[in-house]
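Below, chain A is the first sequence line, B the second, and so on; all start at residue 1. In this text the structure is predicted, and so the values were computed from the model without any measurement. Values below: every heavy atom of this structure, side chains too, minus hydrogens, waters and symmetry copies.
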Amino acid sequence: MEFLNPSKYAYFPLAEWIEKYAKDWFFAQRPVFKKISIPIENTLSSLDSLFNFIPLPLIVLMFAFAAYKTNGIKFAIFTFLSLIFIDLVDVWEETMTTMAMIVTAVLFCCVIGIPLGIAASRSDIFEMIMRPILDIMQTIPSFVYLIPVVMLFGVGLTPGVIAIIIFALAPVIRLTNLGLRQVTKGVKDAGKALGCGKIVVLYKIELPLALKSIMAGVNQTLMLALSMAVIAALIGAGGLGLNVYVGLGRLDIGQAFVGGLGIVLIAIIFDRITQKIIK
Amino acid sequence: MENIIQLRSVNKWFGEFHVLKDINFSVSEKEKVVICGPSGSGKSTLIRCINRLEEHQKGSIIVDGMTLDENTKNISAIRSEVGMVFQQFNLFPHLSILENCTLAQIWVKKKTKNESEKLAMDYLRKVQIDDQALKFPGQLSGGQQQRAAIARALCMEPKIMLFDEPTSALDPEMIKEVLDVMVDLAKGGMTMCVVTHEMGFAKEVADRVVFMDEGNIVEEKKTSDFFENPENERTKLFLSQIL
Ligand SMILES: Nc1ncnc2c1ncn2[C@@H]1O[C@H](COP(=O)(O)OP(=O)(O)OP(=O)(O)O)[C@@H](O)[C@H]1O
Ligand SMILES: [Mg+2]
């Protein structure tokens with residue numbers, strides 16, 4: 001039956017075409033995209049030096065305090081011990097780098113995602129266009145992002161953060177849109193009837209009422225960002241992800257485990273603290 | 001007398017559905033008009049057109065000398081002169097009662113926080129919930145919430161007050177406290193348009209009663225005439241059901 005296979009008679013050189021034309025196009029765009037990535041790069045490097053500048057005990061105490069304020073004494077002790085442990089297994093610096101990456105990524109997700117969420121809540125058409133794009137962004141295997149990101153932005157920490165931003169962006173857009181759409185017509189009418197313009201209604205009535213939902217989106221974005229931290233290491237992003245990646249490559253289970261554990265610990269700490277802030 | 005609200009041949013459609021059919025309606029200064037009619041007759045839509053929460057498609061609406069059209073600047077000027085009270089209160093749940101009353105003063109009238117809080121407390125005292133000022137809407141009874149909503153509207157010092165079934169969502173024992181506030185307001189000389197089925201209130205304060213059915217103003221009379229000799233069959237039927 002092999003004679004029925006189309007590939008026996010013809011070949012469509014898609015892979016070659018992309019390699020030949022798309023690649024050149026991507027490379028040609030690099031200077032533009034480098035410019036776009038400057039704010040991300042600056043934020044990242046400032047945060048990274050900030051986290052590495054603040055003395056370790058102070059950071060531990062700050063997190064323990066935040067944990068205490070939000071979740072009580074038990075979780076504060078857990079946070080305290082986890083961070084001490086992270087230093088004991090000698091991945092403190094990597095942890096700070098990962099934190100800087102995550103915080104930068106989440107910050108930019110908010111800066112990009114909240115306005116897009118607002119726009120989607122105002123316009124059904126925009127929402128309709130947005131929805132499949134977000135679906136695609138969330139379902140494409142995260143590895144696939146890495147190729148265009150590397151082509152456009154090169155390798156290193158900043159491209160790593162960009163890959164994280166793309167991967168983690170969807171929830172904050174979705175939940176901003178959802179939260180705003182759930183604000184009842186009645187309270188918006190009340191605002192309008194008092195003479196408030198669109199901007200006042202948005203900032204003083206709608207956004208505060210949607211805040212819980214928006215924060216839930218930020219929390220999900222944060223968790224996605226952490227899960228992407230390892231994959232971003234593939235394109236030269238440092239931090240704990242690099243330990244995992246290098247450890248895997250060398251079959252150094254110990255190093256991979258320590259890196260993975262660090263990510264899990266800060267994921268738990270970030271998650272619990274932000275969950276409580278939402279409430 | 002000068003008409004502060006003037007609707008001429010106003011028509012409105014929701015899609016195919018003709019909600020307001022050639023409405024001619026006017027209210028003069030300090031007049032109190034009660035609007036009644038069966039559910040779905042277009043009462044809410046009519047008063048929501050007066051502060052442009054709904055847009056009409058044909059005819060003209062003039063409020064305090066300003067024509068309602070696509071001119072946005074006009075709209076916010078008109079809205080700050082026309083207070084509205086809703087059936088469901090619609091207080092801002094994330095703000096205290098006091099903040100509910102100061103929000104628009106600060107952001108629309110650009111008053112200072114102190115000034116606006118002072119005025120808010122004056123009006124909250126007037127509706128007798130000044131002791132609840134720092135609570136949130138969810139902590140108040142329905143009657144208290146509705147009085148807070150009236151105070152909130154009054155804080156903008158409107159010339160006209162629109163009420164859309166202000167007591168329909170209330171438990172019977174709370175209706176009186178809200179109606180008392182409205183009666184006071186009426187006696188103070190406020191121009192009022194009130195959609196309500198509280199015929200006792202209509203008899204006490206209304207100068208005129210308007211009966212609507214299926215998007216038409218079917219009957220419009222001085223209060224005493226309206227109750228004593230209604231002409232239209234539908235009005236008679238409605239009154240016999242409600243009284
Ligand atoms: N946004 C809307 N879109 C479509 N139809 C609407 C809309 N708002 C109201 N309607 C319809 O218009 C008609 C009049 O509505 P309206 O709310 O003005 O009636 P009403 O007299 O206030 O009734 P009720 O006593 O129930 O409050 C109703 O049939 C309603 O279903
Ligand atoms: Mg109604």
Side-chain angles (χ1 to χ4, degrees), chain A residues 69-70 110 113-115 117-119 121-128 172 174-219 274-279, chain B residues 44 47-55 72-95 99-111 116 120 136-137 145-146 148-158 160-164 169:
Chain A
K69 274 284 166 200
T70 51
C110 292
I114 293 175
I118 293 173
S121 75
R122 308 285 104 158
S123 152
D124 288 342
I125 295 174
F126 189 72
E127 191 199 24
M128 228 172 62
V172 68
R174 267 188 219 283
L175 280 143
T176 300
N177 174 36
L178 184 72
L180 288 172
R181 280 176 185 266
Q182 276 172 346
V183 176
T184 55
K185 186 161 177 289
V187 290
K188 288 186 264 184
D189 281 349
K192 283 197 240 168
L194 288 165
C196 300
K198 280 185 181 148
I199 293 173
V200 177
V201 173
L202 177 65
Y203 278 91
K204 291 287 149 183
I205 300 170
E206 294 183 77
L207 282 176
L209 286 173
L211 193 63
K212 228 177 174 172
S213 173
I214 297 173
M215 288 304 294
V218 173
N219 173 270
T274 50
Q275 286 277 11
K276 275 288 151 62
I277 292 174
I278 296 171
K279 288 180 187 130
Chain B
S44 299
I47 67 164
R48 288 166 62 86
C49 280
I50 295 171
N51 64 352
R52 212 167 166 79
L53 286 181
E54 301 289 354
E55 292 174 15
T72 333
K73 211 171 157 52
N74 222 0
I75 306 295
S76 79
I78 287 166
R79 281 181 181 159
S80 54
E81 289 196 0
V82 182
M84 187 170 224
V85 174
F86 302 85
Q87 184 174 355
Q88 302 296 341
F89 329 135
N90 296 345
L91 291 171
F92 307 130
H94 61 299
L95 299 177
E99 289 166 326
N100 264 275
C101 294
T102 56
L103 181 99
Q105 292 190 66
I106 294 171
W107 292 98
V108 179
K109 289 206 158 173
K110 315 282 180 206
K111 289 208 233 168
S116 52
F136 284 84
Q145 289 190 50
Q146 193 60 299
I150 294 173
R152 174 177 71 178
L154 292 176
C155 281
M156 297 304 282
E157 306 187 292
I160 303 164
M161 284 287 285
L162 307 172
F163 294 82
D164 190 1

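Considering every non-hydrogen atom in both Leu194(A) and Ala104(B), the closest pair reads CB-CB, 3.7 Å.
Of the residues listed (Phe92(B), Phe89(B), Phe86(B)), the one engaging Val187(A) in a side chain to side chain contact (heavy atoms under 4.5 Å, CB included) is Phe92(B), and it is the only one.
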Is there any N or O donor on one of chain A and chain B with an acceptor on the other under 3.5 Å, and could you list each such pair with its distance?
| residue | atom | partner | partner atom | Å |
| --- | --- | --- | --- | --- |
| Gly186(A) | O | Asn90(B) | ND2 | 3.1 |
| Asp189(A) | OD2 | Arg48(B) | NH1 | 3.1 |
| Asp189(A) | OD2 | Arg48(B) | NH2 | 3.0 |
| Lys204(A) | O | His94(B) | NE2 | 2.9 |

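Contacts of Ile78(B) with chain A are absent, with no heavy-atom separation under 4.5 Å from either backbone or side chain. Heavy atoms closer than 4.5 Å to chain A are found in the side chain of Val108(B), but not in its backbone.
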